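Position 1 is the first residue of the sequence; numbering continues from there. Whatever order the structure lists ligands and atoms in, that order sets their numbers, starting from 1. Treat the numbers as computed from the prediction; the structure is a model and nothing was measured.
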Amino acid sequence: MIDQSYKYEKFMFYMGKGSKYMGIVISVINNKGGVAKTTSVLLLAELLAYLDQKVLVVDLDGQSNVSLALHAYVEEAESSIMGRTVPNQENIFEVFVDRLRGRKEIMSRVIYPTNIKGISILPSNKRFGRIESCLMDCYKGPFILSKALRAIKEDFNFILIDNAPALDFFTMNSIAASDYIITPVREDGFSKKGLKEILDVINDIKEEHDLDHVKFLGTFLTQVDPRTNIFKERIHDYERSIPDLLFKTYIRKDTKITQMESKFIPMLSHSLESNALLDYCHLLLEMNILCEPEDYKLRKSIGEAK
Ligand SMILES: Nc1ncnc2c1ncn2[C@@H]1O[C@H](COP(=O)(O)OP(=O)(O)OP(=O)(O)O)[C@@H](O)[C@H]1O
Ligand SMILES: [Mg+2]
């Protein structure tokens with residue numbers, strides 16, 4: 001069973017602003033590629049925006065897939081990547097390298113509205129992919145992102161962080177900035193050893209820096225074909241061996257996801273008839289981070305409440 005005792009501790013009741021959630025940070029992490037981290041960030045962000053929440057998506061991946069999907073990717077000239085000319089776009093690069101962190105007025109320069117109402121983005125682009133060498137001279141602490149987000153937390157209800165397939169310096173920053181962490185895994189590539197590696201890194205950071213509030217909510221299978229015998233055998237095995245870590249919800253394979261991502265259009269406007277979208281609704285409910293009105297609205301939308 002997933003421990004949900006934290007649920008109400010995180011909610012800050014904002015008198016006058018009508019919002020119950022303040023800057024709840026959720027990191028989507030797995031060092032394996034192609035497990036649906038970006039897809040999960042996109043769909044959870046859309047669902048939270050549908051529930052009238054203000055959402056910030058943070059792109060912590062030099063591949064910039066979530067920035068592309070949300071139409072916030074800006075190409076850079078090679079000269080600006082090498083730092084010789086002014087960049088075309090200020091973004092997550094500035095947060096880490098130019099030490100914009102912690103200053104609200106400057107942070108607002110790197111956050112952009114998107115084509116989806118309620119969703120903003122702190123994007124990345126090619127410059128971020130080249131950041132490692134630039135960081136050699138900087139302080140390499142795990143709290144750069146956490147400090148930066150603290151300055152703007154009150155402007156958002158939820159902050160979703162899309163991570164690169166790595167367990168590196170940036171992932172550690174993501175972990176340290178988080179309230180909650182979720183880990184998507186591909187049904188066919190799931191290894192308990194891989195999951196243990198991720199949990200060890202999370203626990204090391206928590207212990208080393210006294211981050212008791214950071215909570216691993218669980219892992220969920222993605223791109224699943226539930227009709228196959230191999231799936232039935234595997235799910236049975238996982239349910240037996242890691243019951244505390246596995247969400248009951250799994251995300252079914254759905255071609256509408258690929259269509260949505262290849263056309264860079266939001267899922268909720270693209271297709272309400274998507275199995276995967278329905279599964280993400282169930283996942284969000286199972287994460288148990290919503291207060292009653294939003295929980296009810298979502299259940300009602302999927303026909304689970306009157
Ligand atoms: N439920 C699904 N059904 C079908 N295709 C899916 C589903 N979820 C994700 N995909 C597809 O799988 C591919 C990988 O997904 P995604 O880019 O979200 O993974 P990722 O973990 O972010 O990858 P990376 O580690 O490279 O950042 C994409 O082409 C995406 O469209
Ligand atoms: Mg990705």
Side-chain angles (χ1 to χ4, degrees), residues 26-47 57-73 91-92 114 116 119 121-126 128-129 131 159-175 181-191 194-195 197-198 201 218-228 231 234-235 247-284 286 302:
I26 305 171
S27 284
V28 182
I29 288 177
N30 191 333
N31 53 341
K32 295 244 164 29
V35 296
K37 293 181 289 294
T38 303
T39 306
S40 302
V41 165
L42 281 168
L43 289 201
L44 291 173
E46 274 200 64
L47 288 173
V57 169
V58 177
D59 190 350
L60 213 53
D61 183 357
Q63 298 178 93
S64 314
N65 289 337
V66 82
S67 302
L68 281 159
L70 292 171
H71 301 260
Y73 181 81
N91 58 35
I92 189 77
T114 72
I116 305 176
I119 303 183
I121 184 162
L122 202 176
S124 79
N125 67 6
K126 262 190 209 158
F128 188 64
I131 206 170
I159 299 175
L160 300 182
I161 308 178
D162 185 27
N163 281 274
L167 284 176
D168 58 7
F169 162 73
F170 300 109
T171 316
M172 292 191 189
N173 264 268
S174 180
I175 294 168
I181 297 168
I182 53 173
T183 294
V185 289
R186 269 185 77 118
E187 176 218 345
D188 52 3
F190 185 35
S191 85
L195 184 62
E197 229 172 80
I198 296 168
V201 171
T219 186
F220 57 100
L221 298 175
T222 66
Q223 301 160 68
V224 159
D225 183 349
R227 292 162 304 187
T228 59
F231 169 74
R234 283 209 175 126
I235 198 87
F247 282 102
K248 286 194 183 68
T249 305
Y250 51 78
I251 312 296
R252 283 168 286 177
K253 202 177 273 176
D254 185 345
T255 49
K256 294 198 182 73
I257 295 274
T258 339
Q259 288 164 11
M260 165 198 89
E261 291 187 0
S262 59
K263 291 184 194 155
F264 300 127
I265 47 176
M267 189 70 179
L268 262 65
S269 71
H270 176 62
S271 172
L272 295 173
E273 303 289 304
S274 156
N275 287 336
L277 182 62
L278 184 62
D279 297 339
Y280 275 104
C281 291
H282 283 122
L283 179 71
L284 184 53
E286 193 182 349
I302 58 173

Proximal ligand 1 atoms for [X], defined as those under 4.0 Å from one of its heavy atoms:
X    : answer
D61  : 27 (O)
P165 : 25 (O)
I251 : 1 (N)
V35  : 19 (O), 20 (P), 21 (O)
R252 : 1 (N), 2 (C), 3 (N)
G33  : 25 (O)

Minimum heavy-atom distance between E286 and K248, given as atom pair plus value: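 Closest approach of E286 to K248, heavy atoms only: OE2-N, 2.8 Å.
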Approximate separation, where rounding is to 0.5 Å, of T222 OG1 and R252 CZ: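 Result: 13.5 Å between the selected atoms.
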Considering only protein heavy atoms, which is closest to [atom], and at what distance to one decimal place?
atom                    : result
atom 9 (C) of ligand 1  : T39 OG1, 3.4 Å
atom 17 (O) of ligand 1 : T38 CB, 4.1 Å
atom 30 (C) of ligand 1 : E261 OE1, 3.2 Å
atom 8 (N) of ligand 1  : Q223 CG, 3.5 Å
atom 23 (O) of ligand 1 : G34 N, 3.0 Å
atom 4 (C) of ligand 1  : D254 O, 3.2 Å
atom 19 (O) of ligand 1 : A36 N, 3.0 Å
atom 5 (N) of ligand 1  : T258 OG1, 3.9 Å

T39 and Y280: CA distance, side-chain angles, deciding distance, side chain to side chain contact (heavy atoms under 4.5 Å, CB included) verdict: CA-CA 10 Å; T39 306; Y280 275 104; 4.1 Å; yes
Side chain, backbone, both or neither: the part of Q63 lying under 4.0 Å from ligand 1 by heavy atom: side chain
The Mg ion (ligand 2) to nearest N/O/S of N163 below 2.8 Å: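 Not a single backbone or side-chain N, O or S atom of N163 is under 2.8 Å from the Mg ion (ligand 2).
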I175 vs S27, side chain to side chain contact (heavy atoms under 4.5 Å, CB included): CA-CA, chis, key distance, verdict: CA-CA 7 Å; I175 294 168; S27 284; 5.9 Å; no
Side-chain donor/acceptor of N275 to backbone N/O of D254, under 3.5 Å: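 No.
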Test item: T219 side-chain N/O and T183 main-chain N/O as donor-acceptor pair under 3.5 Å: yes
Within a strict 4.5 Å, meaning less than it, do heavy atoms of the [X] and [Y] side chains meet?
X   : Y    : result
V58 : V41  : no
N31 : T171 : no
L42 : E261 : yes

Min N/O separation K37 to ligand 1 under 3.5 Å: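 Min N/O separation from ligand 1 is below 3.5 Å for K37.
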A276 N/O under 3.5 Å from ligand 1 N/O: no
Side chain to side chain donor-acceptor pair (under 3.5 Å) evaluation trace for N163 with S174: CA-CA 8 Å; N163 281 274; S174 180; 3.0 Å; yes
Donor + acceptor pair across side chains of N91, N125 (<3.5 Å): yes
